[in-house]
Amino acid sequence: MLLPVFTLKLRHKISPRMVAIGRYDGTHPCLAAATQAGKVFIHNPHTRNQHVSASRVFQSPLESDVSLLNINQAVSCLTAGVLNPELGYDALLVGTQTNLLAYDVYNNSDLFYREVADGANAIVLGTLGDISSPLAIIGGNCALQGFNHEGSDLFWTVTGDNVNSLALCDFDGDGKKELLVGSEDFDIRVFKEDEIVAEMTETETVTSLCPMYGSRFGYALSNGTVGVYDKTARYWRIKSKNHAMSIHAFDLNSDGVNELITGWSNGKVDARSDRTGEVIFKDNFSSAIAGVVEGDYRMDGHIQLICCSVDGEIRGYLPGMTEMRGNLMDTSVEQDLFRELSQKKQNLLLELRNYEENAKAELASPPNEADGHRGIIPANTRVHTKLSVCLRNETQAAHTELCISTSNDTIIRAVLIFAEGIFTGESHVVHPSIHNLSSSICIPIAPPKDVPVDLHLKAFVGYRSSTQFHVFELTRQLPRFSMYALTSLDPASEPISYVNFTIAERAQRVVVWLSQNFLLPEDTHIQNAPFQVCFTSLRNGGHLHIKIKLSGEITINTDDIDLAGDIIQSMASFFAIEDLQVEADFPVYFEELRKVLVKVDEYHSVHQKLSADMADHSNLIRSLLVGAEDARLMRDMKTMKSRYMELYDLNRDLLNGYKIRCNNHTELLGNLKAVNQAIQRAGRLQVGKPKNQVIAACRDAIRSNNINTLFKIMRVGTASS
Amino acid sequence: MDLILNRMDYLQVGVTSQKTMKLIPASRHRATQKVVIGDHDGVVTCFGMKKGEAAAVFKTLPGPKIARLELGGVLNTPQEKIFIAAASEIRGFTKRGKQFFSFETNLTESIKAMHISGSDLFLSASYIYNHYCDCKDQHYYLSGDKINDVICLPVERLSRITPVLACQDRVLRVLQGSDVMYEIEVPGPPTVLALHNGNGGDSGEDLLFGTSDGKLALFQITTSKPVHKWEIQNEKKRGGILCIDSFDIVGDGVKDLLVGRDDGMVEVYSFDNANEPVLRFDQMLSESVTSIQGGCVGKDSYDEIVVSTYSGWVTGLTTEPIHKESGPGEELKINQEMQNKISSLRNELEHLQYKVLQERENYQQSSQSSKAKSAVPSFGINDKFTLNKDDASYSLILEVQTAIDNVLIQSDVPIDLLDVDKNSAVVSFSSCDSESNDNFLLATYRCQANTTRLELKIRSIEGQYGTLQAYVTPRIQPKTCQVRQYHIKPLSLHQRTHFIDHDRPMNTLTLTGQFSFAEVHSWVVFCLPEVPEKPPAGECVTFYFQNTFLDTQLESTYRKGEGVFKSDNISTISILKDVLSKEATKRKINLNISYEINEVSVKHTLKLIHPKLEYQLLLAKKVQLIDALKELQIHEGNTNFLIPEYHCILEEADHLQEEYKKQPAHLERLYGMITDLFIDKFKFKGTNVKTKVPLLLEILDSYDQNALISFFDAA
């Protein structure tokens, strides 16, 4: 049984996921964590520190070995580590929604303080790819930015959605670190510097990532899932009803391999084997876990695992000795094994008994309805499923329909569908009332995103009066583009936007791709190239035309740039195309983008003007205050009163100005996100090298504020020469 | 001294009922004892532990489900004869397994509880109690509600026969012959009875009992009246008590109290100098503890607590240390034993697996033929659906002998499912598509591996009634699921009580018409929980109920052709009126419903609600302030400048937050009930005041008792 080697109770709350340990003076590890009211506290138990009182840092009134750092803004991410290798000690990095501060705790000075328009939701410190100096990489609104110790921005790229988590990991095993980015669109993307080398789609917002060792990394989602990936393959995952607040890799059982340590929202901490996900250790806190970190907090040469709860409780654990043979829990392994085996035996015996009873029942009498009560059904009962597309009618919106039916007079009492990402929860239940029971059930399904989904069905089959049902378990795959219905050709409906590219594949193969990714009616027959097919989106009624010429040239007409991107990516992976350059034109979307860009400029200038106004006001305040105080000293109450009245008015103006600034800022953020997404979308229209080129070129164009070049790049699919 | 007990699993038999495992007394002190256990397959297994392995002494053939197992024998000799109750038969075995006794009782129902003392046999079925002496019928009693357990005070010490029945309607009935000597009201439905110290304590009259809501108490049953000695409340919200035993496990010469609960908790209480129980040890097993006894099984001279669980595990919590300090050799030996055990089990498993594979194939093959049937025998579900008095919510407990895969919860009434900390299953709420399907709630619980027990909490609304269904699918091939239904009654938050305050202003609802006693009883059963299904004996019956949420009361008195319901809460009367008229119409019975409304009762009910509402509002306000105050504390360092009230909040912050978390949506429920009261008051007057409800909510938002009362008067 592994017990904590130290326990501390700090009287400060700790904000979730914002805990870091650093040697801010080069020797003593100190714990830094964000707390309430826009403050960061630093716990330094090693030196009874001299009372420093500078602008930022002040002694905590509650505890002697805690000092507080005033940020004056809600902290959104925090980390510590070596930013400038020449300094020889760690820097503390604090991100907020507008700024990034690199702070030298030892000298009580700022290393740099940068404004970041996209905000900083997540931060990671380390070396990335070939960039020699350590970078503080922050992830914000669809954007990633990396700063070196001087605060210059050496790395910038965009990603699909708001970034929630970052990690550095040697993903492809080349000895250099790649950047893992988890974002709100459920994707984990891997950046080799600014090139995306892999993309994994998960089922919820990715809240945490952590490197394990080699190419293995752990992840956590907002729905309570944690798991481990090795490269693009998921090793294991588990789901809990609680949420994983923080994950960390640490070798707790001294077997030379890191375990995944998870801190949960219910105060549980567990360590799971990286291979199997089996729990090898657990402990409980009285409140939610805020962070899990590691460090030599006792300064005795041993690294401890340190877990912090939101209420300020901190426990440190030393890794178990090798003699414990990984047996960190208090029950003996053998006992558990014995119990598990006995349970297995019992289950097998039960199953055997089930078959025996079954055989007995079979001998008894021919099947009749009365058997139904006991859950007896004909043995040859089969359950069939059929997926089809349903167009809009009076009562229901257009949807994909799943039909489940039994092969005889048995009825389906209920159907449970477990599938990820297409229902509000993880499951959907259809339970008809007792009067509406029949041998078939049709279930409308409307997946919100174009992703292939496995539907795990459990159908309860029996008779009307049954109290016990047979459970038929089936799995059906919902194709990626199931929300598009094949419609008859109608040249008039052809959208003006299009993408155009050429692939070296036979038309027959394209037909195969079509039938695997769309729900085509059974009698569909597609003749040889050249051909044209036409689909209607069930979500918004938009049209999609796919044309193939003899030469292998494919034109896809759709107004939905995301859909075009999805189709190209899907085809590329199906045909194993490595590089593909695509010509594209989305006049409507581009026009919108142009407007957004104009707006961004406007908001920027408004922002500057407002800042200037604010500076003016603060000068005015100073003079008014001095004037008022003078008047008070002169006992000129009338003037003093009027000065204070003016001050009051000015204060109100300032408040109003602040509100405007806030609104302006959110608008700006929204538009910046749209711009970042546009670049990302343009990138998704291309495959392989052209993709990276387009993203890089678009970025340059935006930086140099050259809108026309931007659109040209997006259209042609290559950097303009 | 800390009590450290190590867990050892011995054997698994079939599913077991309450009180079906005993240890056979050993010839000398602290020698190893044999364990005898009866299961639902009707098999009695007797085994002892030899070198860490269970060695069977005997095992009987399967038969009807065994409900109880007791030891008996001639008084003042070792009690080592084994008696089992299965269906309506009692059978006796010697400790070698030879059947020497069989007695077919004349009971029509199967036996639920049994007590044996010398040649006296005390039996109870659901409602009937019978006393036999030498298999001759002596006494008989018909109880008003279900009998959960039966016991008799020690005859050898008291020289009188005093049987005690534990009845579901929260009453212990002390009998003399065929008559009730007196009744003892207890705080919850008693589930188990035991003699204190195993012999009735110093007086021989001390009786212990446990309730299904987890309370434990001791009474002295004197010839004239009961004397209350002590009671342990269930503050930690643990499960109901299923079994009690007395045994000196601590080793201080005083027998300790061993308690097993239906949430898998095993507890040991010792007695302090004042003879008050003190909790010394607790351990969580994963499933219901059906029987518990202290003794010595695993190794001689090491005392242990032996428990059996629902799925049939016999487990020892032993004082024997797992890791011996005597030397490395010893430990190796223990490991060796364990290794042997495991490897033999593995062999067995392999063999079984092969057999199962064959059978599976056969089963698959049979599914090809058109004549064959596919039947799967039902698996047992141990379920409990009870109202918790503390937070006026229902808890549903489902327990299956093998791991549960998933549970589908469906309800045709609006109810809320609350989160339970103990339950680790992943819940997912599904959208309830169309109204035509009568679904108000569809939720799936996907259980983690090895979950055999699932606990849910449900909040109902009075007046909305219907059925809750649970479809339980265990992880066993071939996959099947079973439905269990639970009724959410119209007055779901009411609980039976035995006393009410007659001085309260009451509203009366009177039913008259051509209906039989059984019919009116069935309506009461339909409307109210905790009423026995069977119509009680006699021509006229009175039941008292208490609203667990508001503490208002209801008195129902009915006979053939007449029913009178009195309550101080108008809403209760209103719900009854609606439901009864609906039921009567459905059955085409002509009912005359008349009511008498007492205006004062509304004010009275509001006054009853007042302290609860005020407390909740204050609590909500305080909790809101906590964060801000804490921030001030950090900023300013000391809090001397704060007013005492705020000081208080800061000091009690943790406690307040906990209290607040315990009662989610409490305030909303109170608001809802006040609104109902308001609407119902005017409904009886024939006016519809639904339009005024927003006004009422406004008044509630800035709550003041007088303003509320005057609003009720004025509107």
Side-chain angles (χ1 to χ4, degrees), chain A residues 12-13 35-37 60-62 224 239-241 331-332 334-335 337-339 341-342 344-355 357-358 361-362 366-367 371 374-381 414 416 423-433 436 458 460 467-471 473, chain B residues 7-9 12 322 335 338 341-342 345-346 348-349 352-353 355-356 359 362-363 366-378 402 406 408 410 424-431 433 436-439 442 444 446 471 473 476-483 630-631 634-638:
Chain A
H12 291 271
K13 294 231 179 233
T35 181
Q36 289 164 316
S60 164
L62 296 180
K239 191 173 171 188
S240 159
K241 69 167 187 172
T331 44
S332 103
E334 278 120 348
Q335 275 285 326
L337 185 64
F338 176 64
R339 211 178 157 74
L341 289 175
S342 304
K344 223 181 241 169
K345 176 184 153 190
Q346 203 69 16
N347 279 351
L348 288 174
L349 282 174
L350 265 178
E351 192 177 337
L352 264 186
R353 207 188 70 195
N354 285 351
Y355 294 130
E357 296 270 325
N358 189 33
E362 223 163 278
D371 285 341
R374 282 155 49 214
I376 299 177
I377 60 168
N380 60 353
T381 307
L416 273 64
F423 307 122
T424 42
E426 59 169 18
S427 69
H428 180 72
V429 181
V430 182
H431 183 276
S433 76
N436 299 341
K458 290 179 201 290
F460 296 171
T467 54
Q468 183 151 347
F469 299 92
H470 287 247
V471 180
E473 293 182 311
Chain B
R7 177 175 174 178
M8 290 291 280
D9 293 324
Q12 190 176 17
I322 295 183
N335 275 340
M338 203 62 203
K341 224 161 134 182
I342 287 171
L345 199 58
R346 272 191 207 279
E348 211 175 327
L349 265 180
L352 266 176
Q353 226 136 23
K355 220 164 135 188
V356 164
E359 287 294 327
N362 280 344
Y363 180 72
S366 79
S367 72
Q368 304 297 328
S369 101
S370 57
K371 276 193 211 129
K373 287 188 298 184
S374 165
V376 171
S378 62
T402 57
N406 66 70
L408 162 64
Q410 182 266 340
S424 64
V426 178
V427 61
S428 160
F429 292 94
S430 171
S431 58
D433 39 359
S436 63
N437 283 340
D438 290 341
N439 294 324
L442 284 172
T444 53
R446 193 165 53 81
Y471 292 82
T473 314
I476 189 162
Q477 292 297 329
K479 272 260 170 92
T480 53
C481 86
Q482 221 179 89
V483 201
K630 282 210 167 156
E631 204 177 311
I634 289 174
H635 207 88
E636 301 297 334
N638 67 43

Using a 4.5 angstrom heavy-atom cutoff, name the option from T402(B), V427(B), L345(B) with the most pairs to chain A.
L345(B)
Which heavy atom of S427(A) sits nearest a heavy atom of S430(B), and at what distance?
O-CB, 4.1 Å
Could you tell me which portion of N362(B) (side chain, backbone, both or neither) has an atom closer than 4.5 angstrom to a non-hydrogen atom of chain A?
neither
Give the minimum heavy-atom separation between H431(A) and A414(A), together with the two atoms involved.
CD2-CB, 3.9 Å
Under 4.5 Å from a heavy atom of chain A, the part of E359(B) involved
both
Across all chains, not counting sequence neighbours, the side-chain hydrogen bond (donor to acceptor under 3.5 Å, both in side chains) partners of E473(A) are K458(A), K479(B)
Go through T381(A), L416(A), N347(A), L341(A) and name the one with the most non-hydrogen pairs under 4.5 angstrom from chain B.
L341(A)
Report the relative orientation of the aromatic rings in F469(A) and F460(A); use parallel for angles under 30°, tilted for 30 to 60°, perpendicular for over 60°.
parallel
Would you say R446(B) and K239(A) make side-chain contact, with heavy atoms under 4.5 Å?
yes
If one checks every heavy atom of T424(A) against chain B at 4.5 Å, the contacting part turns out to be side chain
